[in-house]
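Order of the sequence lines fixes the chain letters, A, B, ..., with proteins taken first and strands second; residue numbering starts at 1 for each chain. Owing to the predicted nature of the structure, the values given are computational and were not obtained by experimental measurement.
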2 protein chains.
Amino acid sequence: MKKVSISDIARKAGVSVSTVSFVMNDKAVKMRISREVIEKVENVAREMGYRPNQLARGLRTGKTKTIGLIVENISNAFFAAMAKTIEDEAKKYDYKVVYCSTDNDETKARELISMLSQRQVDGYIITPTLNLAEEIRRLQAENKPVVLIDRYFPEHEEIPSVLVDNYAGVAEGMEFLFAKGYQNIGLVTIEADMAHMHDRLQAYYDTLRKHDMPQDRRLVKQVPYGYVHEAALEEVEDFLTGDGKDCDALFFLTNYLGVLGIEAAKKLNIRIPTDKAFLCFDDNDIFRLYTPTISVIRQPICEIGQQAMAALIERLRHTGTETLPENAPIKLAAELVPRESI
Amino acid sequence: MKKVSISDIARKAGVSVSTVSFVMNDKAVKMRISREVIEKVENVAREMGYRPNQLARGLRTGKTKTIGLIVENISNAFFAAMAKTIEDEAKKYDYKVVYCSTDNDETKARELISMLSQRQVDGYIITPTLNLAEEIRRLQAENKPVVLIDRYFPEHEEIPSVLVDNYAGVAEGMEFLFAKGYQNIGLVTIEADMAHMHDRLQAYYDTLRKHDMPQDRRLVKQVPYGYVHEAALEEVEDFLTGDGKDCDALFFLTNYLGVLGIEAAKKLNIRIPTDKAFLCFDDNDIFRLYTPTISVIRQPICEIGQQAMAALIERLRHTGTETLPENAPIKLAAELVPRESI
DNA sequence: GAAGAGGGCTAAAACGATTTAGTTATCTTT
DNA sequence: AAAGATAACTAAATCGTTTTAGCCCTCTTC
């Protein structure tokens with residue numbers, strides 16, 4: 001059984017293809033199609049179970065009503081939640097979203113952009129990797145709007161972005177630790193190759209300086225990217241028993257690092273918060289449930305998704321208008337969620 | 001800057017559109033295009049940054065090299081992991097996957113199928129909801145292969161499916177609990193409206209009968225579908241303090257229910273396994289990390305994804321051949337992972 | 001030197017929609 | 001009754017590919 005096309009309907013209803021098209025697109029009245037013909041066409045279309053072919057439509061109109069969402073890893077709780085929000089948000093504007101994961105790999109990111117571009121998506125929401133700015137400029141040059149989320153390129157304000165205020169979030173966390181009397185705060189992070197991680201790291205150092213505390217590089221552990229779980233865990237364990245042994249508090253700069261942290265602490269029998277207080281950037285189911293519950297700096301995931309979508313839609317509407325009012329990164333406030341780990 | 005099309009290249013290279021097409025599709029040799037022309041076209045295409053328009057290609061060939069993946073909820077760890085496997089697997093066969101969530105809503109599932117069908121995906125991998133068989137038959141009638149995962153329709157063997165052996169998995173879990181000496185085993189489940197949940201429930205009752213234990217309906221708690229987190233949590237708490245108070249072990253039939261279980265136990269100060277042993281169907285990061293670690297029946301997620309993909313690819317290849325060799329549900333063995341909670 | 005074979009390319013139809021510019025018939029208007 | 005307006009449609013181009021059929025040229029071969 002083949003799919004029914006607009007011309008099948010035209011034939012059966014005894015009208016032209018154009019007429020059917022007008023009826024199916026609610027342009028019948030504007031095109032002065034008569035009541036009877038409209039009804040006839042609608043009935044035939046319903047009976048035959050007509051569904052417009054979006055490829056053909058997209059080819060002709062140049063609009064696919066689809067946006068491409070590129071995240072780091074869709075199976076990570078943060079991005080999964082983000083994807084869900086964006087999908088729901090997109091539906092409100094009658095857009096469909098197709099998502100893909102970069103695994104933080106530059107090459108893969110490029111391939112994904114290329115793939116989405118070939119599939120003619122109307123716009124993009126992207127969690128960029130390093131060195132992706134040029135590729136993104138190319139999309140913009142093709143008049144395809146792009147909005148970055150979670151990360152941004154400080155030197156490229158022509159690419160709009162929506163993210164949490166990383167600096168303020170970490171600063172608030174540090175102030176909280178100081179207020180609770182912790183003096184020797186260790187940091188666990190990943191390579192600060194992109195601006196958002198750099199901002200977080202900078203806030204750590206700046207807050208230490210503000211409180212006239214020494215800035216000891218050895219208290220900052222960088223877990224290299226791309227390690228498998230076991231290797232990364234070992235890195236954290238080494239830190240907890242080595243350079244970070246005397247810390248009274250640990251600040252984990254990502255969700256995943258926090259999970260590694262509690263796993264390591266568990267293995268090493270480090271009591272939280274008695275031996276070390278724990279604070280993590282970005283929330284996670286585990287942190288809410290673990291004993292003790294883990295304090296976090298929570299990102300406003302929904303709001304980021306909503307604002308990103310809103311920004312994208314606005315640009316989709318005014319496509320052609322090259323200069324847009326506001327392009328500086330939109331930075332949303334993080335929320336400190338104190339729990340038992342501090 | 002507009003996108004460059006095949007005819008732009010043809011013009012610039014001074015050849016016909018067909019020639020360019022042959023070169024771009026590696027049919028140049030078969031079509032006896034000369035070495036020089038091939039190189040010329042390839043160079044021009046590279047210089048101009050040509051990317052084929054997949055809409056046009058799909059429209060012409062009837063193949064989009066895209067498969068639709070419909071799961072219950074992409075932000076659930078189980079489905080997120082499944083999606084990742086399937087995406088990776090699809091790439092091996094040079095397919096792209098677009099995924100969407102039903103939220104277990106029949107209507108939404110229908111809409112998603114319709115949307116994917118309009119976008120002309122070549123095949124489907126679906127976690128079905130109730131009453132979806134007819135809709136799926138329609139896809140098959142249009143010659144679009146479908147493979148179900150995680151759930152199935154026992155009365156529709158013409159729709160192939162790949163899933164864990166739910167019955168055997170739960171039976172193994174029950175035997176393990178008995179072997180450890182637990183006598184009074186409560187069950188927490190959701191509505192058994194679909195066969196896979198029915199199979200799990202049946203295994204519970206059958207194993208009890210096999211051991212000549214009473215089958216007490218009150219020890220089976222059904223958490224209704226669609227409750228918000230707080231309401232569902234309350235349901236579990238009520239059970240733990242009410243009908244299930246005297247159980248020495250609890251078997252949670254899904255991942256999410258298990259999480260609710262530990263959350264409730266924590267709130268009610270129920271010690272695991274001292275007060276009650278915990279066993280959960282389907283693994284989760286939390287279960288590995290929680291104190292105590294939670295024993296689970298682990299589903300072979302990767303294998304399910306791989307086999308589903310393999311089955312789909314086979315059907316994509318032999319499209320037109322209506323009768324396929326093996327169509328009975330493919331049931332893969334679950335694995336008991338004993339941890340501290342028992 | 002005519003027929004046939006092959007080499008090297010191109011024209012044009014087709015896929016399924018949208019959209020512009022008509023066309024035809026009927027109705028006003030003067 | 002001729003001119004213009006309007007109502008109710010339709011023809012055909014177009015989007016960017018793929019693919020079939022065929023064209024033209026040169027070389028064999030007898």
Give a yes/no answer on whether the side chain of [X] brings an N or O atom under 4.0 Å of OP1 or OP2 in [N].
X        : N       : answer
Lys27(B) : dT19(D) : yes
Asn25(A) : dT18(C) : yes
Thr19(A) : dT10(D) : yes
Ser16(B) : dA11(C) : no
Thr61(B) : dT18(D) : no
Arg32(A) : dA7(D)  : yes
Ser34(B) : dC9(C)  : yes

Closest nucleotide among [options] to the [X] side chain:
X        : options                   : value
Asn53(A) : dT20(D), dT19(C), dA17(C) : dA17(C)
Tyr50(A) : dA17(C), dT17(D), dA12(C) : dA17(C)
Ile33(A) : dG16(C), dC9(D), dT20(D)  : dC9(D)

When you measure only distances, ignoring hydrogens and angles, does the side chain of [X] come within 3.5 Å of the base of [N] through a donor and an acceptor?
X        : N       : value
Arg57(B) : dT18(D) : no
Ser5(A)  : dA17(C) : no
Arg60(B) : dT17(D) : no

Flag side-chain contact, heavy atom, 4.5 Å: Ile313(B) against Glu89(B) | no

Would you call Leu132(B) and Thr129(B) a side-chain contact if the rule is heavy atoms closer than 4.5 Å?
-> yes

Measure [atom1]/[X] against [atom2]/[N] and give the value in whole Å, please.
X        : N       : atom1 : atom2 : result
Ile38(A) : dA7(D)  : CD1   : P     : 14 Å
Ile6(A)  : dA17(C) : CD1   : C1'   : 6 Å
Met31(B) : dT18(D) : CE    : P     : 13 Å

Would you say Lys144(A)'s side chain and Leu316(A)'s backbone share a donor-acceptor pair under 3.5 angstrom?
->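 Not confirmed, Lys144(A) side chain does not pair with Leu316(A) backbone.
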
Donor-acceptor pair, side chain of Asp122(B) and main chain of Thr64(B), under 3.5 angstrom =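 Yes: the side chain of Asp122(B) pairs with the backbone of Thr64(B).
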
So [X], base contact, sugar-phosphate only, or nothing? Heavy-atom distance under 4.0 Å.
X        : answer
Met24(A) : nothing
Arg35(B) : nothing
Val17(A) : base

Select from Val37(B) and Val4(A) the residue whose nearest nucleotide in DNA chain C is closer to the 5' end of that strand.
-> Val37(B)

Run the numbers on Asp103(B) and Ser101(B) for side-chain hydrogen bond (donor to acceptor under 3.5 Å, both in side chains), then give the verdict.
-> CA-CA 6 Å; Asp103(B) 295 325; Ser101(B) 311; 5.2 Å; no

